[in-house]
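Below, each value reflects all heavy atoms present in this structure, side chains not excepted, and no hydrogens, waters or symmetry copies. The chains referred to below are lettered A, B, ... by the order of the sequence lines, with proteins before strands, and numbering in each begins at 1.
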Amino acid sequence: MPELPEIESLRREQAEHALNRRIAGVDLRDPERLRGARPDDLTAALSGFHFDSVTRHGKILFLGVSSGWKLAIHFGMNGHIALYGEGGAEPEHTRLVLDFADGGRWAFADMRRLGWVELTDDIAAYLRSQEVGPDALTLDAGSFAKRVGGKRGAIKSALMDQATIAGIGNVYADEILFHAGIIPDRPAHDLDDPALNRLHGEMQAILREAADRGGFHGELPACWLYHRRGDTGHCPVCGHTLNTRQVGGRTSYLCPACQT
DNA sequence: CATCCTGTTGAGGA
DNA sequence: TTCCTCAACAGGAT
């Protein structure tokens with residue numbers, strides 16, 4: 001569940017269903033998923049308290065705890081959170097379980113073990129220390145052009161660099177560039193101001209619409225490139241045969257007719 | 001059996 | 001300083 005829209009959907013779900021429920025038990029099944037703290041520290045920060053806020057920055061979710069700590073969660077490639085009742089089905093590859101006093105359960109599952117949880121008491125300082133850039137959904141057009149437009153490398157690599165802008169991964173980078181009509185391996189500094197402006201507008205429109213539709217697990221618009229990934233299909237807009245190529249080591253899908 | 005993959009990190013090099 | 005590639009991390013799908 002990895003990119004910004006999926007995490008934003010998760011944030012909304014957690015805001016609705018995970019807040020103000022007393023945490024009675026903490027079961028860290030995989031201690032290696034906890035960074036920068038001991039398992040006992042995690043229990044002390046959570047047990048007997050409740051989540052009182054939930055925010056997101058880029059691909060990181062922050063669950064505010066009534067103890068004052070924030071639980072930062074990164075989902076890696078496949079991580080997700082499940083909420084289920086007592087005796088309900090626990091997801092496969094569960095790495096951390098919280099038992100609520102009301103009998104419900106909260107589980108962080110992460111098949112490939114590329115995600116992690118971490119405690120911080122200052123989100124802004126945490127983001128600085130991790131070198132996470134501004135969130136893609138709230139970054140203004142001028143700052144976007146300044147940060148992205150100066151890069152020498154491929155525009156797709158700049159969009160995916162979390163220190164430059166936070167939240168975009170391989171799939172949405174392709175989607176954004178497709179709708180903006182830009183080839184993914186164009187050098188970022190080749191883009192003029194109108195192109196950067198268009199790219200910024202498409203970036204926010206696509207991320208926002210995807211988040212509103214529930215991300216990968218929802219129903220993304222039929223005209224999106226997303227549905228054509230994984231096969232040698234045709235462009236959903238013009239019908240031209242799609243291309244794939246490696247950009248920054250990642251497989252990229254594009255329409256050679258729509259994107260230049 | 002081989003290859004691919006929604007992400008990040010560190011090493012090594014241009 | 002900046003940016004690139006590669007390998008590694010794990011496990012499941014194709």
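- Helical stems in DNA chain B, defined as runs of 3 or more consecutive Watson-Crick or G-U wobble pairs with donor-acceptor distances under 3.5 Å: B:2-5 with C:11-14, B:7-14 with C:2-9.
- Surrounding CD of A/E86 are at most 12 heavy atoms belonging to other residues, nucleotides or ligands under 6.0 Å away.
- Applying the side-chain contact (heavy atoms from CB on, under 4.5 Å) test to A/H93 and every residue at least two apart in sequence or in another chain returns A/R95, A/M111.
- Comparing the P positions of B/dT3 and C/dC6 gives an interatomic distance of 16 Å, to the nearest angstrom.
- Inspection of the A/S143 and A/D140 side chains reveals an N or O donor paired with an N or O acceptor under 3.5 Å.
- Here A/D122 does not pair with A/K70 in a salt bridge; the nearest charged N to carboxylate O distance is not below 4.0 Å.
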**OP:** Assess whether side-chain contact (heavy atoms from CB on, under 4.5 Å) is satisfied between A/L83 and A/F100, documenting all intermediate values.
**Re:** CA-CA 10 Å; A/L83 290 164; A/F100 291 122; 4.1 Å; yes
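- The CG atom of A/L207 sits 16 Å away from the P atom of B/dT6 (whole-angstrom rounding).
- Around the CZ atom of A/R38, the shell of radius 6.0 Å holds no more than 12 heavy atoms that belong to other residues, nucleotides or ligands.
- The pair A/E8-A/R12 meets the salt-bridge criterion, with a side-chain N (NZ, NE, NH1 or NH2) lying under 4.0 Å from an Asp/Glu carboxylate O.
- In this structure, CZ of A/F216 is placed 9 Å from P of B/dT6, rounded to the nearest angstrom.
- Non-hydrogen atoms lying under 4.0 Å from DNA chain B are contributed by nothing in residues 132-157 of chain A.
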**OP:** Could you encode protein contacts along nucleotides 7-14 of chain B as a string, one character per nucleotide from 5' to 3', using B for base contact, S for sugar-phosphate-only contact and - for no contact, with a heavy-atom cut-off of under 4.0 Å?
**Re:** BSS-----
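- When the P atom of B/dT6 is taken as reference, atom CG of A/L10 falls 20 Å away, rounded to whole Å.
- Side chains of A/S252 and A/Q246: no donor on one and acceptor on the other come within 3.5 Å.
- Comparing B/dT6 with C/dC4, their C1' atoms are spaced 23 Å from each other, to the whole Å.
- The distance from atom CZ of A/R229 to atom C1' of C/dT14 is 16 Å, rounded to the nearest whole Å.
- Here the closest heavy-atom approach between residue A/E3 and residue A/A173 is recorded as OE1-N, 4.5 Å.
- Grouped with A/W116 in one hydrophobic cluster are A/I60, A/F62, A/I123, A/Y126, A/L127, A/V132, the linkage being side-chain heavy-atom contacts under 4.5 Å among Ile, Leu, Val, Met, Phe, Trp and Tyr residues.
- Judged purely by distance below 3.5 Å, without hydrogens or angles, the side chains of A/E6 and A/Y172 pair a donor atom with an acceptor atom.
- Here the closest heavy-atom approach between residue A/R245 and residue A/I183 is recorded as NH1-CG2, 3.6 Å.
- A heavy-atom distance below 4.5 Å is found between the side chains of A/L10 and A/I81.
- Between A/H217 and B/dT6, a side-chain N or O to OP1/OP2 separation shorter than 4.0 Å is absent.
- Using a 4.0 Å heavy-atom distance criterion, A/G115 is classed as making no nucleic acid contact.
- Applying a 4.0 Å cut-off to non-hydrogen atoms, none of the residues of residues 172-189 of chain A approaches DNA chain C.
- A close approach under 4.0 Å does occur between a side-chain nitrogen or oxygen of A/T251 and OP1 or OP2 of B/dC5.
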